[in-house]
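Right, one structure below, let's go through it.
Quick caveat, the model's predicted, so the values are computed rather than measured. Computed from heavy atoms alone, side chains included, the values below leave out hydrogens, waters and symmetry copies.
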Amino acid sequence: MTRYNAAASESKWQKIWDENNVFVASDDFSLPKYYVLEMFPYPSGRIHMGHVRNYAQGDVVARYYKAKGYNVLHPMGWDAFGMPAENAARANNGHPEDWTYENIDHMRGQLKSIGLGIDWTREFATCDPEYYSKEQEMFLDFLEQDLVYRKESLVNWDPVDNTVLANEQVIDGCGWRSGVPVERRMLTQWFFRITDFAEELNSELDALDRWPEKVRTMQKNWIGRSEGMKMIFNFCHNDEKIETYTTRPDTIFGMSFLAISADHPTALKLAQNNQELQEFSNKCRSLGGTEEELEKAEKLGFDTGLKVAHPFIEGLEISVYVANFVLMDYGAGAVFGCPAHDQRDLDFARKYGLPVLPVVIPDGEDSACFEIGSKAYTDAGKIQNSDFLNGLTIAKAKKEVICRMSQKGMGEKTVNYRLRDWGISRQRYWGTPIPIIHCKSCGIVPAAKSDLPVELPHDVSFEKEGNPLDHHPTWKHTVCPKCAAAAVRETDTFDTFIDSSWYYARFTSPHSDLPFDREAADYWLPVDQYVGGVEHAILHLLYSRFFTKAMKKVDLLTVQEPFEGLFTQGMVCHETYKDSLGNWLNPDEIEKHAAGDFTVRATGEKVHVGASIKMSKSKKNVVDPTGIIDTYGADTARWFMLSDSPPERDLEWTEEGVEGAWRYTQRLYRIIHEKLEIAAPKGVVEPKEFSKQAQDLRRFSHMSIASVAKDIEDFHFNNSIAQIYKFTSAISSFKADSSAGDAYALREAIEVITLIIAPMIPHLAEEIWSLIGGEGLVAVAPWPDARPELMEETMVTVAIQIKGKLRATIEMEKDLDKEEVQRLALANEKIEHALKGQTIRKIIVIPNRIVNIVI
RNA sequence: GCCUCUGUGGUGGAAUUGGUAGACACGCCGGAUUCAAAAUCCGGUGCUUUACGGCGUGCCAGUUCGAGUCUGGCCAGAGGUACCA
């Protein structure tokens with residue numbers, strides 16, 4: 001029996017693709033282009049199934065568009081800076097650089113064994129000085145354009161990783177890597193002015209219609225745009241004023257207090273000679289950030305004794321509190337409290353016995369009886385108890401208040417964002433050094449571009465706690481570029497998210513002396529299809545969008561957005577296993593029995609089978625891609641990953657599924673061998689006559705071309721594969737007679753199936769292609785044309801319903817007129833029987849589909 | 001709490017966007033082949049009923065000749081987010 005030897009075949013074709021530079025993108029910028037990119041990997045040491053799935057999906061797209069005639073860019077690189085390298089160095093007494101490059105070498109080999117159509121000539125790692133020097137250059141450009149600044153601020157300090165984290169990198173009050181609660185510390189840090197682009201980052205999301213809705217929503221929420229007004233109040237007993245921010249100026253007549261943050265200048269000033277307030281403020285600060293008990297945290301306030309005047313009610317004085325729920329770094333750090341229509345304000349007012357006056361009444365409610373209990377009313381309604389606002393809608397009342405306050409010079413309409421600037425300083429070694437010099441006389445001095453790269457020193461020690469750059473005996477000592485006096489380098493390095501914020505642009509011209517060639521970037525960008533995990537929905541994707549806008553501002557490129565199309569793939573999951581002691585077991589250690597029970601291979605002990613969850617080392621439910629590729633081949637792994645589960649959903653890895661995929665590759669190979677004997681030889685002229693079955697097979701071929709193409713374009717690889725299975729069965733069961741038409745149709749089907757499986761299982765496709773005498777390589781062969789005239793059906797199956805219930809189906813010619821269809825339906829034996837003695841009230845005929853008889 | 005998504009056989013999932021629910025695959029059952037097994041091939045497989053039939057897309061209503069698909073309400077699960085005024 002013919003058997004397909006995947007191992008031999010796969011390495012053979014990988015070598016041939018390589019030698020022929022099949023996947024090297026062309027620099028001819030007049031060609032139509034398609035840029036496919038998967039999120040590049042962190043070189044942790046070994047690839048995992050999640051990588052295989054991610055890259056297999058991208059590869060289908062890349063190979064498909066190449067077949068469709070596009071100049072395809074499908075590159076690969078390494079997100080190579082970061083803490084695991086430092087931790088490994090510490091643990092093994094090695095060096096992060098060695099560890100990283102060794103991992104890259106190993107993982108490159110693993111990726112190549114998957115048979116990805118990648119342009120390896122463009123490979124780079126972000127820890128190459130070649131790469132990060134360009135990053136330093138851009139930092140200096142950004143600095144010049146005022147997109148970077150330094151300030152002392154309260155930052156998130158990760159006590160395990162010993163570094164600062166950006167707001168986005170704190171999840172549930174814990175570090176995104178370490179998972180431990182972060183602390184608040186005052187530090188001087190570098191920041192990118194991402195908030196300068198808040199408006200664009202927000203509004204342009206609407207145009208990204210090839211992004212998942214979910215990701216766009218998450219970014220919108222993160223950016224948190226709100227429209228409101230700046231409202232100024234006068235203190236009663238001096239000339240000073242205080243600014244607040246509100247989105248509900250319409251509720252001004254319901255105001256019963258004014259609350260400021262513990263860090264508000266007014267609060268700080270008062271606290272200087274008020275011990276009690278000082279203590280209260282400290283309590284507020286300690287609450288912030290770390291504990292998730294914020295949820296239950298009681299609303300606490302401290303009456304400052306100060307009063308402000310109500311802007312519209314003559315003589316009304318309102319107390320000013322320091323409150324623990326007001327944040328200094330949002331809006332003005334001060335708010336007016338309207339308890340009836342804001343839950344926090346209500347909780348606060350109830351605690352301190354402040355008045356609660358409803359000023360918005362729901363339609364249909366009587367304002368005399370409408371009362372607020374323990375829940376604030378935040379929905380629509382009409383304004384009441386509000387003097388000149390009475391009877392207005394919320395929207396109109398807002399306008400009116402903004403207008404009156406503006407006239408008085410006491411406020412204006414403003415827009416606020418939740419988004420904060422991006423803190424980028426990290427107190428780590430294995431990252432890009434920040435190209436800045438601190439000079440005693442000149443202050444902060446940017447490194448000269450001619451001195452770039454500011455390279456990391458290789459001889460560092462990880463024995464001491466803290467940042468090795470800071471401990472290094474000589475590295476930080478330099479001279480000031482301005483005055484040539486002795487000076488010290490900045491020892492912080494960039495947040496590694498910067499490295500991944502522009503790598504997609506570097507791929508367009510990875511050997512350029514500039515960050516990238518403008519012409520190349522303008523040609524290739526934006527990325528047409530980006531593929532990666534949804535866990536980057538905010539961090540990486542928002543930073544990259546910012547970077548593109550910043551790079552545009554410093555005139556490095558022209559595009560607005562980095563990623564035109566985004567696809568977020570699901571995770572790879574596996575069942576979990578535990579022994580009787582509760583220890584996790586690897587799938588390798590398990591034996592599966594026919595009866596459906598599981599035992600430990602070594603001991604015969606019974607195994608407890610748990611839920612299928614994301615593959616992770618800690619749960620030991622991982623399957624190593626290398627083992628799978630060695631046993632079954634890369635095509636089998638790819639085919640399994642692409643079939644069944646929709647790409648955006650989680651995939652459950654099962655042994656049965658892999659074996660099913662392997663059986664298919666063998667079966668296809670066997671069928672082709674078998675059918676090739678009776679198929680026409682290659683290059684035969686299309687005959688004039690075709691039998692009915694030959695026409696059917698040809699219809700199948702051409703419909704498959706069209707539907708597989710559409711499903712690939714729509715990211716429905718599972719549906720492509722279902723169609724290919726059907727097509728395979730049709731070929732397999734085709735019994736050709738000796739006619740030229742049958743032989744031709746069979747030849748055509750064999751060629752078509754080879755071409756349309758190629759994006760998914762490229763090695764087997766090449767093997768079959770060479771077997772059937774195909775020209776050149778499948779990898780460079782054009783996608784076949786689907787001929788519409790061959791796809792047309794002549795017969796259709798029409799469903800006959802009585803009162804919406806299916807009673808019969810009838811085969812009939814396509815496109816018969818309605819009367820004829822109706823006649824056929826009524827003449828049907830089953831229908832006649834079912835209608836006996838009934839009066840027909842109405843007949844609905846939908847051509848080529850359905851007849852519904854209403855009785 | 002709020003926002004988003006998901007809910008279809010034993011399992012993964014299809015369903016031309018309102019028109020034959022369960023394509024395709026896994027699993028299972030039966031048969032062929034084999035000394036036997038593996039592999040392969042053929043057939044069956046939503047539930048229920050002896051049958052005609054009845055019931056079926058998380059639950060309850062509604063719109064419609066016709067609803068997995070649309071509307072309203074509810075339930076469950078997943079993800080995001082959290083004092084943002």
For this session: Identify, with sequence neighbours excluded, every residue that meets salt bridge (charged side-chain N to carboxylate O under 4.0 Å, His left out) alongside A:Lys675.
Result: none
Problem set entry | Residues forming a salt bridge (charged side-chain N to carboxylate O under 4.0 Å, His left out) with A:Arg807, sequence neighbours excluded | none
Contact list (N/O, under 3.5 angstrom) for nucleotides 41-44 of chain B vs protein:
| unit_1 | atom_1 | unit_2 | atom_2 | d |
| --- | --- | --- | --- | --- |
| B:C41 | OP1 | A:Arg667 | NE | 3.2 |

In residues 793-802 of chain A, what donor-acceptor pairs under 3.5 Å come from side-chain atoms, sequence neighbours left out?
| unit_1 | atom_1 | unit_2 | atom_2 | d |
| --- | --- | --- | --- | --- |
| A:Thr797 | OG1 | A:Glu811 | OE2 | 2.8 |

Seminar exercise, completed: Quick note, A:Val335 side chain, CB onward, closest among B:C83, B:U81, B:A85 is B:A85
Side chains of residues 333-340 of chain A: which donor-acceptor pairs under 3.5 Å do they make with residues two or more places apart or in other chains?
none

Exercise. Does A:Tyr664 have a side-chain nitrogen or oxygen under 4.0 Å from the phosphate oxygens OP1 or OP2 of B:A25?
Worked result: no
Seminar exercise, completed: Heavy-atom contacts, protein to nucleotides 11-17 of chain B, under 4.0 Å, summarised as B (base), S (sugar-phosphate only) or - (none) per nt, yield -BSSSB-
Problem set entry | For A:Tyr330, ring pair (Phe, Tyr, Trp, His ring centres under 6.0 Å) partners two or more places apart | none
For this session: List in numerical order all residues of residues 251-262 of chain A for which some heavy atom is under 4.0 Å away from an atom belonging to RNA chain B.
Result: none
Problem set entry | RNA chain B: stems of at least 3 consecutive Watson-Crick or G-U pairs whose donor-acceptor distances fall under 3.5 Å | B:1-7 with B:75-81, B:10-12 with B:24-26, B:27-32 with B:40-45, B:46-48 with B:53-55, B:58-62 with B:70-74
Exercise. With sequence neighbours left out, what residues match A:Ile843 under side-chain contact (heavy atoms from CB on, under 4.5 Å)?
Worked result: A:Gln822, A:Leu826, A:Ile840, A:Val845, A:Val851, A:Ile853
Provide a list of protein-nucleic acid N or O atom pairs under 3.5 angstrom, restricted to nucleotides 62-71 of chain B.
| unit_1 | atom_1 | unit_2 | atom_2 | d |
| --- | --- | --- | --- | --- |
| B:C65 | O2' | A:Asn852 | ND2 | 3.1 |
| B:C65 | O2 | A:Asn852 | ND2 | 2.6 |

Exercise. Can you list every pair that meets side chain to side chain donor-acceptor pair (under 3.5 Å) and has a residue in residues 839-855 of chain A, with sequence neighbours left out?
Worked result: A:Asp815-A:Asn848
Problem set entry | Salt-bridge contact A:Glu713-A:Lys710 (side-chain N to carboxylate O under 4.0 Å) | no
